[in-house]
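All values below were derived from every heavy atom in this structure, side-chain atoms included, with hydrogens, water molecules and symmetry-related copies excluded. Within every chain, numbering begins at 1; the chains are lettered A, B, ... in the order of the sequence lines, protein sequences first and strands thereafter.
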Number of protein chains: 2
Amino acid sequence: MADTDSGSEQPVPRKRADARRNERALLDAAAAAFVTSGVDVPVRDIAARAGVGVGTIYRHFPTRADLIVAVYRHQIEACAEAGPALLADSDTPHAALAQWIDLFVDFLATKHGLAAALQSDDAAFQTLHTYFLDRLVPVCDQILHAAVAADEIRPDLDAYGLLRGVGNLCIGAGTDPRYDARRLVDLLVAGLRVR
Amino acid sequence: MADTDSGSEQPVPRKRADARRNERALLDAAAAAFVTSGVDVPVRDIAARAGVGVGTIYRHFPTRADLIVAVYRHQIEACAEAGPALLADSDTPHAALAQWIDLFVDFLATKHGLAAALQSDDAAFQTLHTYFLDRLVPVCDQILHAAVAADEIRPDLDAYGLLRGVGNLCIGAGTDPRYDARRLVDLLVAGLRVR
DNA sequence: TGGCTACCGGAACGGCGTTCCGCTTAATCA
DNA sequence: TGATTAAGCGGAACGCCGTTCCGGTAGCCA
């Protein structure tokens, strides 16, 4: 895959020191604000925490989705990369699927409002939706196919549908002690088994 | 249970004619607006459709939840009342459960944004949440217990959790042809079966 | 050190939910 | 039927929020 620049020259000469500092401060402030107030926290709150103006947020992160993705990128990557490893290490593909989905639920359920944002049809969250799908659907698809090939689960659900379903079930997890998203996800995965 | 008024007198003397007319117009306008723009349609839009001022909406329906409940009350009642009937007519409690949940999904999935509103922790939707739970949890509970008693399903999920899970799975149904909420709900119910 | 320009801060704007108050008008009674 | 009264109405006004825009500031380089 060819890069846009042709080799030797540096097309992105490096940002100014204050810009780098502000970006860092914004990421830290956003991460903290997401924890205390959810990913729907007002833009002004994040700006205030970071000690910058609101314009600075939009300059670095044009949409809220860009900021959310930047904050959680490492964790999402880790989840994606864990897929093949689990598939290789587990006794059966179905066990790998269950464990991998557990990872995904652990991630989603602890991010206040993230699961809801993922399903939102608001244009501001388009990037978020796309990033999650691009990164996780192929991984899920791989495990799913392995499980189907091993005759462990029914072949009639694709990775996209499963991930959206799991994401949906995680909405509200952690805000209501009576609602146990993990158990419901377990039941859903159990429903996939051949009988 | 004693009524607040003591028998003969009429404590609610009957509203003025224009008030009754406006309430009717608002219900019709809201129903139409919900169909075209979802239950999150701006209050001003509903007021404009009904040909009234925004103040009139708040006078008749203090919160958005009150308006939504008023619009859908008949359908929710019908769903609730269908529960015992299905339980009596079906071959097995599990079949009744599946059919009843189908009814619930049919209702929810065709109301743009309603499933999301149901799970929202926004205070404006508190009444909505409460009404749905008060009306449907007992019905679901009855069918669930019958199925458990018949040894058809696992006893480890209560009606509240199941209804919330189903409601969550319905979020986004109808907006994305790739997402089939009904199938996921079926898988969830299948996961409940004893094996 | 001086100038260029990337970058910043926050005022300003529009959309929204919600409240409030002066006016309208349905209901009642002489 | 006409006067009285208060229930009810409309929409201006307010505050919150996302987003845009521009005058000013300060890093960077020659």
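- Along DNA chain C, the nucleotide nearest Arg20(A) and the nucleotide nearest Asp45(B) are compared for position; the residue whose nucleotide lies closer to the 5' end is Arg20(A).
- Closest-nucleotide positions on DNA chain C for Ala19(A) and Pro62(B) were compared, and the one nearer the 5' end corresponds to Ala19(A).
- Legend: ring-ring contact (aromatic ring centres under 6.0 Å, His included) pairs involving residues 87-123 of chain B, not counting sequence neighbours, sorted by first then second residue: Tyr72(B)-Phe107(B).
- dA6(C) atom P lies 17 Å from atom CZ of Arg14(A), rounded to whole Å.
- Distance CD1 (Ile57(A)) to C1' (dC21(D)): 16 Å, rounded to an integer number of Å.
- Taking the charged nitrogens against the carboxylate oxygens, Asp18(A) and Arg16(A) do have a contact shorter than 4.0 Å, which makes a salt bridge.
- Residue Arg64(B) contributes atom CZ, which lies 14 Å from atom P of dT19(C) at whole-angstrom precision.
- For dA26(D), the OP1/OP2 oxygens have no side-chain nitrogen or oxygen of Arg16(A) closer than 4.0 Å.
- The interatomic distance linking Ile68(B) (CD1) with dG17(C) (P) rounds to 12 Å, in whole Å.
- Donor-acceptor pairing under 3.5 Å is lacking for the side chains of Arg135(A) and Thr130(A).
- Side-chain proximity of His60(A) to dC8(C), dT20(D), dG18(D): nearest is dC8(C).
- In the interface, the side chain of Arg44(A) is paired with the base of dG18(D) through a donor and an acceptor atom under 3.5 Å apart.
- Between Asp18(A) atom CG and dA6(C) atom C1' there is a gap of 8 Å when expressed in whole angstrom units.
- The existence of a salt bridge linking Arg24(A) and Asp28(A) is confirmed by a sub-4.0 Å separation between a basic side-chain nitrogen and an acidic carboxylate oxygen.
- Contact annotation for Arg59(A): base contact, defined as any heavy-atom pair under 4.0 Å involving a base atom.
- Distance NZ (Lys15(A)) to P (dC7(C)): 7 Å, rounded to an integer number of Å.
- Side chains of Tyr160(B) and Asp176(A): a donor-acceptor N/O pair is present below 3.5 angstrom, by distance only.
- As a whole-Å value, the separation of Leu26(A) CG from dC8(C) C1' is 12 Å.
- Residue Tyr58(A) has its side chain nearest to dG18(D) when only dC16(C), dG8(D), dG18(D) are considered.
- Between the CZ atom of Arg21(A) and the P atom of dC8(C) there is a distance of 9 Å, given to the nearest Å.
- Listed pair Asn22(B) / dC9(D) meets the phosphate criterion, a side-chain N or O lying under 4.0 Å from OP1 or OP2.
- With dA26(C), dA12(D), dC17(D) as the choices, the nucleotide that has an atom nearest any side-chain atom of Ala17(B) turns out to be dA26(C).
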